[in-house]
Amino acid sequence: MSSAPAPQSVIDLRSDTVTRPTPAMRRAMAEAEVGDDVYAEDPTVNRLQSRAAEIFGREAALFFPSGTMANLTAIKTWTHHGTEVICEAQAHIYLYEMAGISAIAGCMPNIVPAPGGVLTWDLIEPLIRPHIYYRAQTALIELENTHNMHGGTVYPPEIANDVCERAHAAGLPVHLDGARIFNASVALGRSVADLTRKFDSVMFCLSKGLGAPVGSMLVGSRDFIDKARITRKLLGGGMRQAGVLAAAGLIALEETPKILHCDHENARHLAEGLARIPGISIDPKKVVTNILIFDVQSTGRTAADLCGELAKKNVLCSPTGKFSIRMVTHYDVDRAAIDRALSLIGSALQR
Ligand code: TLP
């Protein structure tokens, strides 16, 4: 299902956001029926939203230009200025969304580190503020599944369900950053509806491993989505003939989940190969989806130095710390390319 061959055979492992639309997506985009989506009159956007709601077993869904805007919209919809959002210390909303949580939603992030990025109720509960009028109040709990900066880790469903149930008992909503929830679904062999049913709102991305060129979705109750539509417009996310984008999104949603397992197999294969290279430290058993984060300190090289050298050999990856590197597999990198990357990494570290 790979798109056109990559130019000059670059092996781009920086992110699954680099996937290019497949020929089927491009055809669907060219042929899409469109209308003005600010009037809710784009039939293709409406079809994508209905289908997303159906797949997640929810009342409604809303199409966004990015995951960042969809997460921010959810946060803004659930909170007020001067309240707090509890999230994991390496959550994407905390580290990579331009501090929108405070700059725009006016909230204070209340963070806690969690092993594997998996927040349990024991870690969350002490962060909930008491109901005292002179204390900022907790308004929202946010989880991330799969957890990007912990190497694509997957929430055990019983832990996510437990957090949601106890949060609800404490009167708090829970938002899921499920940018890669389809990867979690494939890894666990459970449907996305099943994995997310207790969350109050869920964001997922069409533009990551699912391969659409643009777009993320927010799903939830009809009431929540009606409010989110207003917030999306406030943020400048009201789109017009967005059906050309939704058409690719529909194919991403229907077709790509069937082949995500290949990305996971390639990630495990890559991790096993990396673990055999002296100086690289990674536990391949912990690689369960399409993201790998590994340590290179014992190679005597920094992550930035090594990524720079690999880039010259047409293998692209990103430093995530002084000695850690992230690689992400996706449908534009096949098994042969993974093997080529491994041999180029091995030779870069031999000299
Ligand atoms: N993640 C990107 C970078 O921003 C790090 C990537 O390459 O992985 N939630 C999660 C868990 C994400 O990984 C991302 C993007 C987003 C939200 C934001 O999505 P976009 O890029 O569509 O705003």
Side-chain angles (χ1 to χ4, degrees), residues 12-21 52 62-76 85 87-101 103-105 109 111 114 116-119 142-155 160 175-185 187 192 195-196 199 201-219 232 235-237 239 242 245-246 248-249 252-253 260 263 267 289-293 303 307 316-321 324-333:
D12 195 341
L13 296 163
R14 286 171 302 169
S15 182
D16 46 8
T17 58
V18 302
T19 41
R20 288 151 307 133
L62 194 62
F63 185 46
F64 283 79
S66 70
T68 300
M69 190 189 281
N71 274 336
L72 178 57
T73 295
I75 292 165
K76 229 181 124 35
V85 177
C87 63
E88 204 275 330
Q90 297 201 61
H92 195 276
I93 58 161
Y94 179 61
L95 291 180
Y96 300 104
E97 300 189 9
M98 311 301 295
I101 191 171
I104 299 176
I111 60 165
V118 174
L119 280 180
E142 190 261 6
L143 309 186
E144 185 176 316
N145 192 13
T146 67
H147 197 301
N148 189 342
M149 283 300 135
H150 280 274
T153 48
V154 171
Y155 261 83
H175 172 66
L176 177 68
D177 176 345
R180 297 184 178 83
I181 193 64
F182 282 91
N183 295 86
S185 156
V192 290
L195 295 183
T196 62
F199 288 86
S201 54
V202 181
M203 185 284 281
F204 73 93
C205 293
L206 299 162
S207 60
K208 309 271 176 314
L210 297 189
V214 175
S216 294
M217 310 293 300
L218 199 54
V219 300
R232 184 186 68 171
L235 297 176
M239 296 180 282
L245 302 174
L253 185 59
L260 279 183
D263 299 348
T289 59
N290 69 330
I291 302 180
L292 311 76
I293 296 182
C307 290
L316 305 185
C317 49
S318 325
T320 52
S324 65
I325 294 179
R326 183 183 81 149
M327 291 183 171
V328 187
T329 57
H330 52 79
Y331 71 50
D332 274 336
V333 175

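Order of listing sets the numbers, starting from 1, for every ligand and every atom in it. For clarity, every value in this text was computed on a predicted model and none was experimentally measured.
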key: Listed partners of F204 passing ring-ring contact (aromatic ring centres under 6.0 Å, His included), at least two apart   = F56, F182
ask   = Partners of F64 by ring-ring contact (aromatic ring centres under 6.0 Å, His included), sequence neighbours excluded?
value = none
Residues that D16 engages under salt bridge (charged side-chain N to carboxylate O under 4.0 Å, His left out), provided they are two or more places apart = R180
task = Decide whether H175 and S201 meet the rule of one side-chain donor and one side-chain acceptor closer than 3.5 Å.
result = yes
query = Minimum heavy-atom separation for A74 to L218, with atom names?
reply = CB-CD1, 4.0 Å
Sub-3.5 Å pairs, protein N or O with ligand 1 N or O:
| from | atom 1 | to | atom 2 | distance (Å) |
| --- | --- | --- | --- | --- |
| ligand 1 | 1 (N) | H92 | NE2 | 3.1 |
| ligand 1 | 4 (O) | H92 | NE2 | 2.8 |
| ligand 1 | 7 (O) | S15 | OG | 2.7 |
| ligand 1 | 7 (O) | R326 | NH2 | 2.9 |
| ligand 1 | 8 (O) | N148 | ND2 | 2.9 |
| ligand 1 | 8 (O) | R180 | NH2 | 2.8 |
| ligand 1 | 8 (O) | R326 | NH1 | 2.9 |
| ligand 1 | 8 (O) | R326 | NH2 | 3.4 |
| ligand 1 | 9 (N) | D177 | OD1 | 3.1 |
| ligand 1 | 9 (N) | D177 | OD2 | 2.7 |
| ligand 1 | 13 (O) | N148 | ND2 | 2.8 |
| ligand 1 | 13 (O) | R180 | NH1 | 2.9 |
| ligand 1 | 19 (O) | K208 | NZ | 3.0 |
| ligand 1 | 22 (O) | G67 | N | 2.8 |
| ligand 1 | 22 (O) | K208 | NZ | 3.3 |
| ligand 1 | 23 (O) | G67 | N | 3.4 |
| ligand 1 | 23 (O) | T68 | N | 2.9 |
| ligand 1 | 23 (O) | T68 | OG1 | 2.6 |

ask   = What's the spacing between I325 CD1 and T320 OG1 if we round to 0.5 Å?
value = 8.0 Å
